[in-house]
Amino acid sequence: MGLYEETGERLRRGMEGGRAETLKVIASVVLSRLRADGGRLRKMMERYRRIKEGAVGRLEELVGLAKDSLRAVGCEVFEARRGGEAVDYLLKQMGDERVVVKSKSNTLKELDLVERLEERGVEVVETDLGDRIIQLAGEEPLHPVGPAVHLTLEEVARALSREVGRELPPDVEEIIKASRLRLRERILEAKVGLTGANAIAAEEGAVGLVENEGNISLITRLPEKHLAVAGIEKIVPTLEDAATVMKTCEAFLTVTGAYHSFIRGPSRTADVMGIEQFGMHGAKEVHVVLLDGWRREAVRMGLEEVLYCCNCGACLSVCPVLLEAAQAFSSRVGAGPVGVVRTWFVLGPEEAVRAGLFACTGCGACREICPGSIDFPSIIERLRAEACERGLVLPPHISVAENIRKTGNPFGERRPQP
Ligand code: SF4
Ligand code: SF4
């Protein structure tokens with residue numbers, strides 16, 4: 001099957017199977033909350049955009065400042081130019097550990113780290129309940145924020161029964177209670193916790209994290225080692241800026257976050273004879289991987305707005321293509337407009353076409369709702385032009401171009417002679 005047929009097939013499959021219907025339900029919940037908050041959100045969006053514009057505008061300076069500040073508070077910092085370097089560093093830090101507990105992270109998806117760890121025989125335990133259900137059910141996630149919402153109660157109970165070692169009834173409370181107990185056991189047995197980061201405060205050397213379940217608090221405190229991976233676009237100048245970014249992102253999430261935390265190095269105490277020791281209740285070692293990957297390339301191409309994304313997922317609730325074609329407008333690195341643009345950089349132009357680069361209608365709804373007001377229609381148009389220059393042209397484009405050349409209109413209709 002050629003690229004064109006494959007893209008069409010993905011779109012057709014995406015429109016079947018009821019997944020798009022589930023996405024519409026999530027969208028209606030998010031949109032009604034955002035509408036109710038209208039004026040307040042507008043102001044937050046303006047502040048958020050100013051912070052991100054300023055931060056990306058002084059990216060190199062802030063990366064340097066963040067590295068110094070994080071080291072000053074006791075973190076180990078590794079700057080990775082490419083994803084492979086980040087993976088190698090993380091694998092080295094994992095040592096001989098056979099279990100790692102992990103939270104949701106788009107940056108980790110980009111690295112394909114879970115597959116690399118599993119190849120080495122390391123068990124990766126997702127600790128976000130939705131992600132854990134998907135992992136145990138062997139399913140594809142539907143929505144980045146609600147990955148398992150398309151599964152029925154019976155399907156969820158079946159997937160988790162194997163994990164908890166007894167047959168769970170299709171009952172929400174029972175399922176959550178059993179999962180909580182089992183996940184706690186897994187978290188207590190792990191020596192390494194793996195997370196992303198919602199923001200990094202350059203001046204204070206702080207890693208900001210937002211969560212709703214409380215799993216991130218546990219996996220950053222209980223295991224001895226905390227490995228945090230952050231794209232360099234997560235760096236903002238100050239703790240106040242980081243708090244604004246996290247607050248704004250949270251306001252646009254499908255589920256509001258119950259916890260906001262900042263981590264400034266390993267847990268420590270000096271309560272015994274005033275001698276400072278690391279690793280009291282929290283992690284003894286905190287490693288922060290600052291990943292470039294494709295981000296500097298995006299800035300070089302003049303597409304730095306992509307770096308304003310905080311992964312809130314609000315654009316997914318308004319994108320007509322995603323709402324009709326579900327996963328057909330996505331790849332393993334993300335869904336919707338931001339997913340397609342990241343796919344371009346992480347997996348390459350051909351994969352971006354497969355993920356729906358040419359499916360976008362250019363309606364601009366994503367730009368309107370995005371806290372960073374990212375101009376995706378223009379970014380996608382620019383990448384489409386690049387794709388065409390690389391020969392990634394779909395057959396209908398050729399016939400439209402020929403029609404315009406021959407008749408002056410895309411439909412090939414000749415004007416009636418007067
Ligand atoms: S501009 Fe494209 S990506 Fe954005 S909402 Fe419209 S169809 Fe979706
Ligand atoms: S592009 Fe904007 S709306 Fe979409 S996930 Fe990122 S920040 Fe949220």
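Only a predicted model underlies this, so the values are computations on that prediction, with no experimental measurement involved. Count residues from 1 along the sequence.
Considering only heavy atoms from C-beta on, Val245 stays 4.5 Å or farther from Asn198 through its side chain. Residues Val192 and Pro223 fail the side-chain proximity criterion, which asks for heavy atoms closer than 4.5 Å. Residues Leu357 and Leu392 form no side-chain contact, since every pair of their non-hydrogen atoms from C-beta on lies 4.5 Å or further apart. Using a 4.5 Å cut-off on side-chain heavy atoms (C-beta onward), Leu383 and Met301 make contact. Proximity of Cys319 to Phe329: side-chain heavy atoms (C-beta onward) are separated by under 4.5 Å at one or more points. Between Glu351 and Ser331 the shortest side-chain heavy-atom distance does not fall below 4.5 Å. Between His226 and Thr195 there is a side-chain heavy-atom pair separated by less than 4.5 Å. Taking the side chain as every heavy atom from C-beta outward, Val236 and Leu62 never approach each other to under 4.5 Å.
If you run side-chain hydrogen bond (donor to acceptor under 3.5 Å, both in side chains) between Glu126 and each of Gln135, Lys102, Arg132, only Lys102 comes through. In summary, of the residues considered (Arg296, Arg295, Arg342), a salt bridge (Lys or Arg N to Asp or Glu O under 4.0 Å) with Glu233 occurs for Arg295 alone.
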After noting the C-alpha distance and the side-chain angles of Glu350 and Arg354, does the key distance pass the salt bridge (Lys or Arg N to Asp or Glu O under 4.0 Å) rule? CA-CA 6 Å; Glu350 195 169 318; Arg354 226 171 246 122; 3.3 Å; yes
Side chain to side chain contact (heavy atoms under 4.5 Å, CB included) between Asn409 and Asn403: does it pass, once the steps are laid out? CA-CA 6 Å; Asn409 76 67; Asn403 285 342; 5.5 Å; no
Residue pair Arg116, Asp88: steps toward the side chain to side chain contact (heavy atoms under 4.5 Å, CB included) verdict: CA-CA 10 Å; Arg116 292 288 305 277; Asp88 290 344; 4.0 Å; yes
Test salt bridge (Lys or Arg N to Asp or Glu O under 4.0 Å) applied to Glu53 and Arg50, step by step: CA-CA 5 Å; Glu53 255 176 11; Arg50 262 202 309 279; over 6 Å; no
Side chain to side chain contact (heavy atoms under 4.5 Å, CB included) for Gln93 and Glu76? Distances and angles first, verdict last. CA-CA 11 Å; Gln93 291 311 316; Glu76 298 286 335; over 6 Å; no
Working for side chain to side chain contact (heavy atoms under 4.5 Å, CB included), residues Ile216 and Tyr259: CA-CA 9 Å; Ile216 295 182; Tyr259 307 95; over 6 Å; no
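Put simply, the side chain of Glu304 never gets that close to the backbone of Val56: no donor and acceptor are under 3.5 Å apart. Side chain of Ser69 to main chain of Glu204: no donor-acceptor pair is present (N/O by atom type, distance under 3.5 Å, no hydrogens or angles). Not a single donor-acceptor pair under 3.5 Å links the side chain of Arg186 to the backbone N or O of Val101. Looking at Glu155, its side chain never comes within 3.5 Å of a backbone N or O of Leu151 through a donor-acceptor pair. In terms of modelled atom types and a separation under 3.5 Å, the side chain of Arg390 and the main chain of Pro349 share no donor-acceptor contact. With hydrogens and angles disregarded, a donor-acceptor distance shorter than 3.5 Å links the side chain of Asp171 to the backbone of Glu174. Remark: the backbone N or O of Lys104 is not paired with any side-chain donor or acceptor of Asp128 at under 3.5 angstrom. At distances below 3.5 Å, not a single donor-acceptor pair connects side-chain atoms of Glu139 with backbone N or O atoms of Ala148. In this structure, the side chain of Ser330 does not engage the main chain of Gly336 through any donor-acceptor pair within 3.5 Å.
When every heavy atom of Ala159 is checked against every heavy atom of Ala137, the shortest pair comes out as CB-CB, 3.8 Å. Closest non-hydrogen pair, Cys310 versus Tyr48, comes out as CB-OH, 3.1 Å. Shortest non-hydrogen contact noted between Ala80 and Val289 is CB-CG1, 4.3 Å. Heavy atoms only, all atoms of each residue included: Leu160 and Ser179 are closest at CD1-OG, 3.4 Å. Across every non-hydrogen atom of Trp344 and Ala387, the tightest pair is CH2-N, 3.7 Å. The two residues Met94 and Leu117 come nearest to each other via the heavy atoms CE-CD2, 3.4 Å.
Taking CD of Glu305 as the reference point, atom CZ of Arg367 lies at 9.5 Å (rounded to 0.5 Å). With rounding to the nearest 0.5 Å, the separation of CG in Asp375 from CZ in Arg382 is 12.5 Å. A distance of 8.0 Å separates CD in Glu46 from NZ in Lys43, rounded to the nearest 0.5 Å. Ile175 contributes atom CD1, which lies 7.5 Å from atom OG of Ser161 (distance to the nearest 0.5 angstrom). Atom CZ of Arg58 is separated from atom CG of Leu65 by 7.5 Å, given to the nearest 0.5 angstrom. In this structure, Leu307 CG and Lys234 NZ are separated by 10.5 Å, a value rounded to the nearest 0.5 Å.
With salt bridges taken as basic N to acidic carboxylate O contacts below 4.0 Å, none links Glu97 and Lys225.
Ring planes of Phe345 and Trp294: parallel class, angle under 30° (limits at 30 and 60°). Ring-plane geometry between Tyr89 and Phe78 is classed as parallel, the angle between the planes falling under 30 degrees on a 0 to 90 degree scale with a further cut at 60.
Within 6.0 Å of the CD atom in Glu185, the count of heavy atoms belonging to other residues, nucleotides or ligands exceeds 12. Counting non-hydrogen atoms of other residues, nucleotides and ligands closer than 6.0 Å to CD of Glu381 gives a total of 12 or fewer. Crowding of Arg82 atom CZ: a count of heavy atoms from other residues, nucleotides or ligands under 6.0 Å not exceeding 12.
Considering only residues two or more places apart in sequence or on other chains, Arg120 meets the side chain to side chain contact (heavy atoms under 4.5 Å, CB included) condition with Leu91, Val122.
With hydrogens and angles left out, the side-chain atoms of Thr244 and Asp241 include no donor and acceptor closer than 3.5 Å.
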